[in-house]
Amino acid sequence: MTQRPRFPARIDFSAGRPAPARPAEAGRSAPVPQRSQPQGVGMDSGAVRARMVAKLAAQGVRDAQVLSAMGNVERHRFVDTALANQAYEDTSLPIGLGQTISKPNVVARMIELLRNGAQGRIGRVLEIGTGCGYQAAVLSQVATEVYSIERLRGLHDKARENLRPLRLANVHLLFGDGMAGFAKGAPYAGIIAAAGGDALPQCWIDQLAPGGRLVAPMHQAAGTQALVVLDKTPQGIRQSVLEAVHFVPLKSGVV
Ligand code: SAH
């Protein structure tokens, strides 16, 4: 007697689940918050995420908490159904209104920098640019509280919808201009920006706790953009410019 092998695990984004609990439902299933088991596309995606995590580790991401968070958060739930089969590739993807979700590699790298080798969770974090809410979900696993602010109402609403089924009690979504930071949640152990400006707003630095760290893309001379890491140390502000990146622009005002 032969048994069919249960592997290789494949990701099936096409049509819901094999056991027809609700057969009429197809494609991206509606959130079922009461269930702890992921349904539909989520059920087969663990192996694909494990491969993504192995690749991130091979690319140099060392922080075990970051790798574990990247393995836990179902990235395909944050992008359009038509793009779900690309969700675990190392690529940025459109999320609507001209904005993009960063490559997994960039998300992991920036959060690793933000954590700066911390053992457990870091404290309160402010994210500028919620977008689809993916990075906020990853941050929720490695920080005690996450405040995430978005200036586009459409994306703020989308993130709320994407995150609702995950019931992340430590994520606080805010609609507003992140150029002003979010003073009510300050001081922050970490501030992370998903959009790049010409300079780091002074209020971000002011809202950083002593010992806190800010990670943000920033325009450099000659139209390039690079990751900047700023530390608020007892000796003062220390800033370093790291690798080149390509983020959407940091804009002021809300729409
Ligand atoms: N972290 C997001 C990435 C979104 S892209 C994710 O995981 O999907 C960056 C986002 O920054 C865009 O949605 C853009 O609208 C937003 N943004 C740009 N300037 C902003 C500002 N001043 N305040 C808040 N959000 C801003």
Side-chain angles (χ1 to χ4, degrees), residues 49 52 56 66 69-70 72-80 83-84 86-114 125-143 146-164 166 168 171-186 188 190-205 207 214-219 225 227-228 245-255:
R49 260 193 317 286
M52 177 188 80
L56 291 172
V66 174
M70 296 295 291
N72 285 340
V73 179
E74 299 184 320
R75 194 168 185 260
H76 67 266
R77 292 192 182 275
F78 292 84
V79 297
D80 205 72
L83 297 171
Q86 294 177 56
Y88 300 105
E89 288 170 20
D90 207 8
T91 177
S92 56
L93 293 170
I95 53 173
L97 301 177
Q99 308 302 315
T100 52
I101 178 175
S102 307
K103 292 181 194 197
N105 176 267
V106 172
V107 172
R109 162 86 171 137
M110 285 179 76
I111 299 179
E112 181 170 63
L113 283 169
L114 190 73
V125 165
L126 173 66
E127 179 192 33
I128 319 290
T130 313
C132 66
Y134 172 71
Q135 182 166 270
V138 177
L139 286 167
S140 79
Q141 316 232 323
V142 303
V146 180
Y147 293 84
S148 182
I149 187 160
E150 173 59 55
R151 66 180 284 275
L152 299 178
R153 171 69 77 179
L155 283 176
H156 169 75
D157 291 345
K158 191 179 217 174
R160 202 167 273 295
E161 208 176 289
N162 287 341
L163 290 169
R164 187 175 296 122
L166 304 184
L168 303 172
V171 174
H172 314 284
L173 298 184
L174 311 154
F175 173 60
D177 184 355
M179 292 273 248
F182 181 65
K184 282 189 189 152
Y188 299 101
I191 299 181
I192 186 165
D198 293 326
L200 301 175
Q202 182 58 41
C203 61
W204 294 1
I205 301 168
Q207 290 173 21
L214 190 162
V215 180
M218 199 172 97
H219 291 137
Q225 208 183 48
L227 270 189
V228 169
V245 283
H246 304 281
F247 276 83
V248 294
L250 182 71
K251 293 187 175 171
S252 39
V254 294
V255 184

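These values consider heavy atoms only, across backbone and side chains, with no hydrogens, waters or symmetry-generated copies. As the structure is a prediction and not an experimental result, all values here were calculated from the model. Residue numbers start at 1 and run along the sequence shown. For ligands, and for the atoms within them, numbers begin at 1 and follow the listed sequence.
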Enumerate, one pair per line, all nitrogen or oxygen atoms of ligand 1 lying under 3.5 Å from a protein nitrogen or oxygen, stating the separation to 0.1 Å; write 'none' if no such pair exists.
| residue | atom | partner | partner atom | Å |
| --- | --- | --- | --- | --- |
| ligand 1 | 1 (N) | Glu127 | OE2 | 2.9 |
| ligand 1 | 1 (N) | Gly129 | O | 3.1 |
| ligand 1 | 7 (O) | Gln135 | N | 3.1 |
| ligand 1 | 8 (O) | Cys132 | N | 3.1 |
| ligand 1 | 13 (O) | Glu150 | OE1 | 2.7 |
| ligand 1 | 13 (O) | Glu150 | OE2 | 3.3 |
| ligand 1 | 15 (O) | Glu150 | OE2 | 2.6 |
| ligand 1 | 19 (N) | Lys251 | N | 3.1 |
| ligand 1 | 22 (N) | Asp177 | OD1 | 2.9 |
| ligand 1 | 22 (N) | Lys251 | O | 2.6 |
| ligand 1 | 23 (N) | Gly178 | N | 2.7 |
| ligand 1 | 25 (N) | Arg151 | N | 3.4 |

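- Judged by the 6.0 Å and 45° rule, Arg153 forms a cation-pi pair with Phe175.
- Counted by atom type alone, Tyr88 and Arg75 present zero donor-acceptor pairs between their side chains at under 3.5 Å.
- Between Tyr134 and Ile95, every side-chain heavy-atom pair lies at or beyond the 4.5 Å cut-off.
- Here the shortest heavy-atom pairing between Leu168 and Ser140 reads CD1-OG, 3.6 Å.
- Residues Glu150 and Thr130 bring no donor and acceptor atom of their side chains to less than 3.5 Å of each other.
- Ion pairing between Glu74 and Arg77 holds under the 4.0 Å rule for side-chain N and carboxylate O.
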